[in-house]
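From a predicted model like this one, the values you see are computed outputs, not experimental measurements.
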Amino acid sequence: MGIENSAHAKWEFLATASTGALKAVNMRGFSERFTGYIETGPGCTATARWESRAGSSAGPYALVGSSTDLTTSAMSIQQFAGPLEWVRPYCAAKTTGTLTAELFGN
């Protein structure tokens with residue numbers, strides 16, 4: 001995961017079917033509106049969702065928006081209001097390939 005600027009974060013699952021939460025990014029104070037993109041590459045299918053919590057990055061997270069089933073080479077866009085503190089994608093890549101999640105705030 002690399003943070004390109006204070007209101008943008010990008011995560012990637014690569015080359016393997018895997019399940020789990022990716023590292024959360026602290027968006028506190030950076031934005032009050034968010035757009036989350038999740039894209040599956042060729043040959044990759046997945047179920048994905050955005051999650052958030054306040055306080056520490058450790059502990060249970062709550063669902064933001066809805067869970068989405070994605071076919072190969074598909075894109076999901078979800079918009080949600082904040083402010084939010086810790087935000088992360090939770091993805092279950094069902095097949096091998098690349099799954100990319102990006103979060104933008106303004």
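- Within the model, atoms CZ of F104 and OG of S31 stand 11.5 Å from one another, a figure rounded to the nearest 0.5 Å.
- Two residues are said to be in side-chain contact when any heavy atoms from C-beta on lie closer than 4.5 Å; T100 and K10 meet this criterion.
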Practice task
May I have the step-by-step check of side-chain hydrogen bond (donor to acceptor under 3.5 Å, both in side chains) for Q78 and T68, ending in yes or no?
Solution key: CA-CA 10 Å; Q78 292 189 19; T68 304; 3.1 Å; yes
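- Atom OG1 of T35 is separated from atom NE2 of H8 by 11.0 Å, given to the nearest 0.5 angstrom.
- What you find for M27 and L103 is that their closest heavy atoms are CG-CD2, 4.1 Å.
- To the nearest 0.5 Å, atom CZ of residue R28 and atom CG of residue L84 are 11.5 Å apart.
- Classification of D69 and R49 as a salt-bridged pair fails, no side-chain N sitting under 4.0 Å from a carboxylate O.
- Judged by the 6.0 Å and 45° rule, R33 forms no cation-pi pair with F80.
- Under a 3.5 Å cut-off, the side chain of T40 and the backbone N or O of A74 do form a donor-acceptor pair.
- Counting only distance, with no hydrogens or angles, the side chain of R53 and the backbone of P60 share a donor-acceptor pair below 3.5 Å.
- Looking only at side-chain heavy atoms (C-beta outward), Q79 and F34 stay at 4.5 Å or farther from each other.
- Residues T72 and P42 form no side-chain contact, since every pair of their non-hydrogen atoms from C-beta on lies 4.5 Å or further apart.
- Across every non-hydrogen atom of N26 and W86, the tightest pair is ND2-CZ2, 3.4 Å.
- E102 places no side-chain N or O within 3.5 Å of a backbone atom of I38 that could act as its donor or acceptor partner.
- In this structure, C44 and L99 have side chains that are in contact, with non-hydrogen atoms separated by less than 4.5 Å.
- The closest donor-acceptor contact from the side chain of T95 to the backbone of T45 lies under 3.5 Å.
- Minimum interatomic distance between E85 and S52 (heavy atoms only, all atoms of both residues): N-OG, 4.3 Å.
- Annotation: the span from K23 atom NZ to S57 atom OG amounts to 8.0 Å, rounded to 0.5 Å.
- To the nearest 0.5 Å, atoms OH (Y61) and CH2 (W50) are separated by 12.5 Å.
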